[in-house]
Amino acid sequence: MSISGSDVDFISDVVRRRSAIVLDRSKEYLIESRLVTLARQRGDASVEDLVRQLRAAPNGALRDEVVEAMTTNETSFFRDGHPFMALSNTILPDLLVSRGKERSLSIWCAACSSGQEPYTVAMLIQELIGADPSWRVRLVATDIDTKMLQRTKEGIYNQFEVNRGLPAPLLVRYFARHGMNYQIDSRLRAMIETRFVNLAEPMPPMPQMDIVFLRNVLIYFDVDVKRRILQGLKKVIRPDGYLFLGGAETTMNIDDAGWERQTIGRATVYRPR
Ligand SMILES: C[S@@+](CC[C@H](N)C(=O)[O-])C[C@H]1O[C@@H](n2cnc3c(N)ncnc32)[C@H](O)[C@@H]1O
């Protein structure tokens with residue numbers, strides 16, 4: 001079975017309008033295979049049947065199911081290593097001094113997927129601040145994919161997921177067996193506030209952030225959307241705050257006026273200009 005060219009164009013258009021994710025004709029195979037899975041899960045007669053329903057109600061609940069089916073949720077604990085070394089060795093210790101009076105930190109993981117990124121941050125904060133009740137840490141984890149937000153809330157990971165990047169001492173310290181899986185400590189789960197935020201839409205009201213993780217999501221957008229998001233972030237991030245992007249992402253040639261690139265250890269971080 002092969003999806004028609006006009007159905008590919010229609011799906012790409014729906015997904016792009018809702019999420020800004022660009023799926024061109026080269027992604028035809030990905031579109032088709034994910035629609036086959038979705039149609040099967042929903043009990044639709046075929047992909048054509050699913051597309052027919054979407055054409056009849058292009059702004060309904062099915063649209064969001066299709067967008068969720070098209071997102072790539074690849075993630076892991078301590079992904080790429082260096083950003084988290086910079087966070088725990090330099091950035092958090094510096095912020096603990098510079099925010100020493102207000103004793104409050106706000107961190108946003110935009111596009112958090114299944115939660116490994118915000119929980120990596122939560123574990124590092126826990127290691128540094130421990131149970132010091134005088135610090136108020138606000139850790140906001142957002143995504144467009146509601147299934148991923150639910151996974152983040154639950155904090156349950158299988159053996160494969162905990163084997164990817166999570167150091168054994170942290171597994172022992174912060175996770176408990178949950179059937180065949182592992183669930184992260186309720187203290188860490190309570191640190192994280194999950195919210196639906198669609199980066200394709202104007203930035204919703206957010207608290208002023210000390211650090212923003214916006215990793216491995218800009219790659220899915222075109223340059224105008226990337227620029228709009230980076231400019232919107234300038235209003236959310238504090239003037240001495242930090243922005244982390246993914247390894248294949250940069251502000252360069254997109255919003256040079258807005259951001260300055262800085263190297264901390266082997267990590268690249270962006271600071272508002
Ligand atoms: C590859 S994952 C990145 C996860 C994590 N930041 C990391 O680097 O490991 C990309 C995430 O971006 C989310 N995403 C895609 N388009 C989005 C949008 N318009 N608004 C918010 N999140 C979006 C997807 O749902 C997915 O969970």
Undergrad: Quick one: do Arg187 and Asp185 make a salt bridge, cutoff under 4.0 Å?
TA: yes
Undergrad: Which of these, Arg271, Arg136, Arg238, sits in a salt bridge (Lys or Arg N to Asp or Glu O under 4.0 Å) with Asp210?
TA: Arg238
Undergrad: With a 3.5 Å distance limit and no angle check, can you tell me whether Thr72 reaches the backbone of Glu74 through a side-chain donor-acceptor pair?
TA: no
Undergrad: Report yes if the side chains of Leu214 and Leu199 come closer than 4.5 Å at any heavy-atom pair, otherwise no.
TA: yes
Undergrad: Grab the two heavy atoms, one from Leu188 and one from Met123, that are nearest each other, plus how far apart they are.
TA: CD2-CG, 3.5 Å
Undergrad: Minimum heavy-atom separation for Ile219 to Lys226, with atom names?
TA: CA-NZ, 4.4 Å
Undergrad: Within the distance-only criterion (no hydrogens, no angle test), does the side chain of Lys234 pair as donor or acceptor with the backbone N or O of Gly258 below 3.5 angstrom?
TA: yes
Undergrad: Is a donor on one side and an acceptor on the other found under 3.5 Å between the side chain of Glu193 and the backbone of Val140?
TA: no
Undergrad: Distance from Ser106 atom OG to Arg99 atom CZ, nearest 0.5 Å?
TA: 9.0 Å
Undergrad: Could you name each residue pair satisfying ring pair (Phe, Tyr, Trp, His ring centres under 6.0 Å) that touches residues 203-245, not counting sequence neighbours?
TA: Phe84-Phe213, Phe213-Phe244
Undergrad: Can you tell me how far CG of Leu149 sits from OG1 of Thr142, rounded to the nearest 0.5 angstrom?
TA: 7.5 Å
Undergrad: Check whether Arg34 reaches the backbone of Met70 with its side chain - one donor and one acceptor, N or O, closer than 3.5 Å.
TA: yes
Undergrad: One thing to verify: whether Arg52 and Asp44 come together as a salt bridge, which I'm taking to mean a side-chain N less than 4.0 angstrom from a carboxylate O.
TA: no
Undergrad: For Arg18 versus Asn198, what's the shortest heavy-atom pair and its separation?
TA: O-ND2, 2.7 Å
Undergrad: Between atom CG of Leu105 and atom CG of Leu139, what is the distance when rounded to the nearest 0.5 Å?
TA: 10.0 Å
Undergrad: Do Arg195 and Asp143 sit within salt-bridge range, that is, some charged N less than 4.0 Å from a carboxylate O?
TA: no
Undergrad: Has the side chain of Tyr119 got a donor or acceptor atom that lies under 3.5 Å from a matching backbone atom of Thr152?
TA: yes
Undergrad: Using side-chain heavy atoms (C-beta onward) and a distance below 4.5 Å, is Leu243 in contact with Leu230?
TA: yes
Undergrad: Checking Glu161 now: which residues fulfil side chain to side chain donor-acceptor pair (under 3.5 Å) with it, not counting sequence neighbours?
TA: Arg151
Undergrad: Take Leu92 and Ile211 through the side-chain contact (heavy atoms from CB on, under 4.5 Å) test and state the conclusion after the steps.
TA: CA-CA 10 Å; Leu92 285 174; Ile211 310 173; 4.3 Å; yes
Undergrad: Does one side chain, of Gln116 or Ser114, offer a donor that lies under 3.5 Å from an acceptor on the other?
TA: yes
Undergrad: For Glu154, is there any backbone N or O sitting under 3.5 Å from a side-chain donor or acceptor partner on Gln183?
TA: yes
Undergrad: Looking at Ser88 and Leu128, what are the two nearest heavy atoms and their distance?
TA: O-CD1, 4.0 Å
Undergrad: Please confirm whether the backbone N or O of Leu62 pairs with a side-chain atom of Glu65, one donor and one acceptor, at under 3.5 Å?
TA: no
Undergrad: Is any side-chain heavy atom of Tyr182 less than 4.5 Å from a side-chain heavy atom of Leu166?
TA: no
Undergrad: Are Pro204 and Val197 side-chain neighbours, meaning at least one heavy-atom pair lies under 4.5 Å?
TA: yes
Undergrad: Within the side chain of Arg42, is there an N or O that forms a donor-acceptor pair under 3.5 Å with the backbone of Ala39?
TA: no
Undergrad: Would you call Arg273 and Asp256 a salt bridge, using N to O less than 4.0 angstrom?
TA: no
Undergrad: Checking Arg164 against Phe77: charged group under 6.0 Å from the ring centre and within 45 degrees of the axis?
TA: no
Undergrad: For a 4.5 angstrom cut-off between non-hydrogen side-chain atoms, does Pro272 reach Pro239?
TA: no
Undergrad: Is a salt bridge present between Arg215 and Asp80, judged by a nitrogen-to-oxygen distance below 4.0 Å?
TA: yes
Undergrad: Any idea which heavy atoms bring Leu218 and Glu249 closest together, and the distance?
TA: N-OE2, 3.0 Å
Undergrad: Any Lys/Arg nitrogen of Arg79 or Glu117 sitting under 4.0 Å from an Asp/Glu carboxylate oxygen of the other?
TA: no
Undergrad: Is the side chain of Ser19 donor-acceptor paired with the backbone N or O of Arg16 at a distance under 3.5 Å, no angle test?
TA: no
Undergrad: At their closest point, which heavy atom of Glu28 faces which heavy atom of Ile3, and how far apart are they?
TA: OE2-O, 4.2 Å
Undergrad: Using a strict 4.0 Å threshold on nitrogen-to-oxygen distance, state whether Asp13 and Arg17 make a salt bridge.
TA: yes
Undergrad: Taking atom CD of Glu32 and atom CD1 of Ile11, what is their separation to the nearest 0.5 Å?
TA: 11.0 Å
Undergrad: Using only atom types and a distance under 3.5 Å, with no angle test, would you say the side chain of Glu68 pairs donor to acceptor with the backbone of Thr146?
TA: yes
